[in-house]
Structure formats: C-alpha cells, structure tokens
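See structure below.
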Amino acid sequence: MRRQGGSTTVWDGLEGGAVDALRRQIESDQPAQAWLLLGPSGAGKRAAALSLAAALNCPVRPRVGCGSCRSCERIARGRHPDVHHVAPEGPIIAVDVVRDQIVPEAARSPFEAAFKVFLIEEADRMNPAAQNALLKTVEEPLPDTVFVLISDNEEELLETLRSRCRVVRLEPLSQERISALLLEQGAPGEAAEAAASAAFGDLERARALVFDDGARERRARWASLPERLTSAGAALDAAYEVLDVARGTVKEREVAQREEVVELSEALGEGRGTAAARNALAKRHRRELKRLEEGVLEEALTYLASFLRDVAAARRGAPESCTNRDAANEVARWASSDVTDAELLAAVERCLAARASFVSNANPTLAIEATLVELSRLLALAPPPP
Ligand SMILES: [Zn+2]
C-alpha cells in the first residue's frame with residue numbers, strides 16, 4: 001500500500017497499539033465481520049479500514065496483505081469491485097441508501113475476492129432509521145461479508161449497532177513520533193519536524209507535506225494568504241486563487257477517473273449487474289471529486305486558522321507552540337502588529353466555522369469568498385505610521 005521505506009505489508013505506515021490489535025485479529029482464525037473504527041480526524045481510521053480490507057483479500061499474503069499485488073493496489077486506490085465505499089451524500093446517510101444499496105448487495109457473494117467489504121465512512125451520519133435498517137445485516141452477515149464502520153462521533157451511533165461491532169479506538173500520533181517516522185522514511189530533519197508540527201497528529205498529511213509535490217506547492221500558496229488580506233478586493237482575488245487550486249486538483253483526478261471507467265467496462269463486459277456497477281462508480285467519482293475539492297479548501301482554511309492562532313500564541317511568549325514553523329518570521333511580524341487578540345480569535349473562529357459548514361453541505365465557493373473577505377475586514381493591518 002505504501003512504498004516508502006521498503007514496506008512489505010499493508011499495515012506499514014500505520015502505528016499504535018490499536019492497529020497492532022486490529023492486525024492480529026485479522027490474522028486470527030475467525031476475524032470479526034463487523035468493525036467500528038473510532039478516533040478523531042487524522043487518527044488514520046480510513047487508512048486502517050483500507051488496510052483491513054486489503055489484508056482480508058490479499059492472495060499473495062492472505063490475512064496480512066502484501067501491499068503490492070493487484071488486489072492490494074486496487075483496494076488502496078479505492079478501485080476494488082468487492083470493496084464498497086459508502087459515505088454521506090449531503091448531511092446524512094439516508095435509510096434508502098442502506099435499504100436499496102447495502103442490504104441487497106450484502107446478500108450477494110463477492111465478485112472475485114475472498115471477502116466483500118463495506119466501508120461506511122462517517123457512519124454516525126446514518127440517521128437512526130438507517131442504522132436500524134443496517135442492524136439485521138450486520139448481525140447475520142454472509143460468511144464472506146465484512147462491515148467496517150468509521151466514525152469520529154461515537155455518541156451518534158445506536159447502542160444496538162455499536163454493540164454488534166468490534167470496536168477499535170485509534171489515536172492521533174504524537175508530533176515526535178510522526179517526525180521520527182518521516183526521518184526513517186528519508187525526510188530531511190528540518191522538513192520532517194516542520195511537517196510533523198503542521199500535520200496535527202495526522203501521519204498521512206505529514207507524509208504528503210514532505211513527499212508530495214502537490215501538497216507542498218499548495219502549502220506554499222496558503223502561506224502567502226495572510227499577507228494578502230489587505231482589502232476586500234485583495235481578499236476576493238485570494239479566494240479565487242484558492243478556488244482555482246481546488247479546481248485544478250479536481251481536474252487532475254477527473255483524468256484518472258476516466259481511465260477507471262474504461263478499466264471497469266473492460267473488466268465487467270455487458271453482463272449481469274453491470275449498469276448498477278457503473279452507477280455506483282459514477283456516484284463514487286462524484287463524491288470523490290466533491291471531497292477532494294472540499295479537502296483543498298479545508299487545507300487553506302486550516303492553514304489560516306493555525307497561522308492566526310500561532311500569532312496569538314507568539315504574543316503570549318509561547319513560540320515553542322508555533323505549529324507553522326516555516327512561517328515563524330511572518331508570525332513574529334503579525335504578533336507585533338496592531339491586530340488585537342480578539343480580532344485574531346474572531347478570525348480563527350470564522351475559519352473553523354467555514355470549514356465546518358462544508359459538512360452541512362454549504363456552498364464551498366461562497367463560504368471561501370465570504371470568509372476571506374470577512375478576515376480582511378477583521379484583520380486589516382493598521383497602516384504604517386506617517
Ligand atoms: Zn496483496
């Protein structure tokens with residue numbers, strides 16, 4: 001699944017006692033058929049779920065997952081016909097999705113793999129009716145069907161459903177641990193520390209900041225945002241640029257998706273159930289693009305929020321808590337400006353609120369524009385003395 005550092009299993013790159021327990025359970029004689037992976041954002045729930053699905057289905061190293069065969073590769077890329085991804089479309093996962101898609105599909109045998117896996121992301125966003133509809137299938141699954149529910153909001157899950165699952169609690173990694181892992185994978189020392197600090201416990205994100213050119217370029221752009229918020233007009237220009245970056249990322253993925261459609265058509269031919277498979281793929285693609293776009297916009301907002309928080313922290317003489325070390329000079333400059341702490345905190349809140357609004361399906365374009373303009377109003381740096 002990951003090639004850095006000479007990995008040999010799908011679990012390489014995942015860390016922590018919970019992951020070890022999960023891995024051992026999958027290797028056991030009778031792995032659980034319903035899992036609930038809990039933990040905050042960035043704890044690696046999705047990566048662990050994909051590793052689980054790959055380990056179960058790897059023909060080369062059964063129950064371990066070699067990470068490099070066709071099956072492991074396709075699962076890692078979200079392209080395996082027996083690994084079904086379910087995620088909210090809009091604010092909830094409605095009961096129809098469970099009734100019309102999951103339950104009938106779970107009654108069929110896998111297409112080619114040993115196990116059919118349902119990955120239900122943000123499972124807490126199934127409303128109670130949807131959770132109840134899923135309950136019976138999770139209770140009595142076919143022997144080759146596995147459910148993996150992912151959630152960072154355990155309280156919203158019905159006890160009846162939760163109790164049918166084997167619960168794994170994943171924790172974000174410490175900054176030191178992430179930094180050490182990046183060093184092991186060949187990152188230069190300074191880059192490893194800066195990325196670990198900026199990634200808030202999210203190993204995937206830290207790794208991207210070091211090894212992925214696209215992520216690095218985007219971060220450099222986000223770093224230029226604070227100084228551009230000098231007027232409403234300048235803020236709007238900055239917002240358009242952020243939106244352009246997001247669209248560019250989406251376009252690149254669309255090219256890959258078109259290849260995938262061709263691949264699927266070749267694999268399926270015109271036989272039974274192919275229309276359903278095509279529809280499912282089209283749906284997944286739309287979701288993937290939406291998430292990708294939102295992810296880029298979230299990145300920009302997260303950068304702004306953490307930068308402004310760093311400024312407030314620097315004023316309190318806590319430079320060691322600076323998360324954006326690569327922007328230390330800018331942070332110091334802002335810390336000695338006239339912007340008040342109240343304005344800084346209001347701006348941080350505005351960024352976080354805009355980020356949260358994506359979940360409730362707000363229009364991301366409007367959200368970014370409005371937020372940056374408001375930030376320019378809140379933060380307008382005092383004009384230099386005459
Ligand atoms: Zn494999």
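For ligands, and for the atoms within them, numbers begin at 1 and follow the listed sequence.
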Problem - Neighbouring protein N, O or S atoms of the Zn ion (ligand 1) [cut-off: under 2.8 Å, no waters] - result: C58 SG, C66 SG, C69 SG, C72 SG
Exercise for the section: Using modelled atom types only, decide if a donor and an acceptor are shared between the side chain of D82 and the backbone of E112 within a distance under 3.5 Å. Expected result: yes
Handout entry: Check: R77 and E260 side chains under 4.5 Å, non-hydrogen atoms
Key = no
Practice task
May I ask you to decide if the ring planes of W334 and F307 are parallel, tilted or perpendicular, using 30° and 60° as cut-offs?
Solution key: perpendicular
Fill in the blank from the handout: So ring-ring contact (aromatic ring centres under 6.0 Å, His included) across residues 223-250, not counting sequence neighbours, yields none
Problem - Residues which pass side-chain contact (heavy atoms from CB on, under 4.5 Å) with R169, listed by chain and number, not counting sequence neighbours - result: L38, E154, V167
Fill in the blank from the handout: The salt bridge (charged side-chain N to carboxylate O under 4.0 Å, His left out) partners of R258 (sequence neighbours excluded) come to none
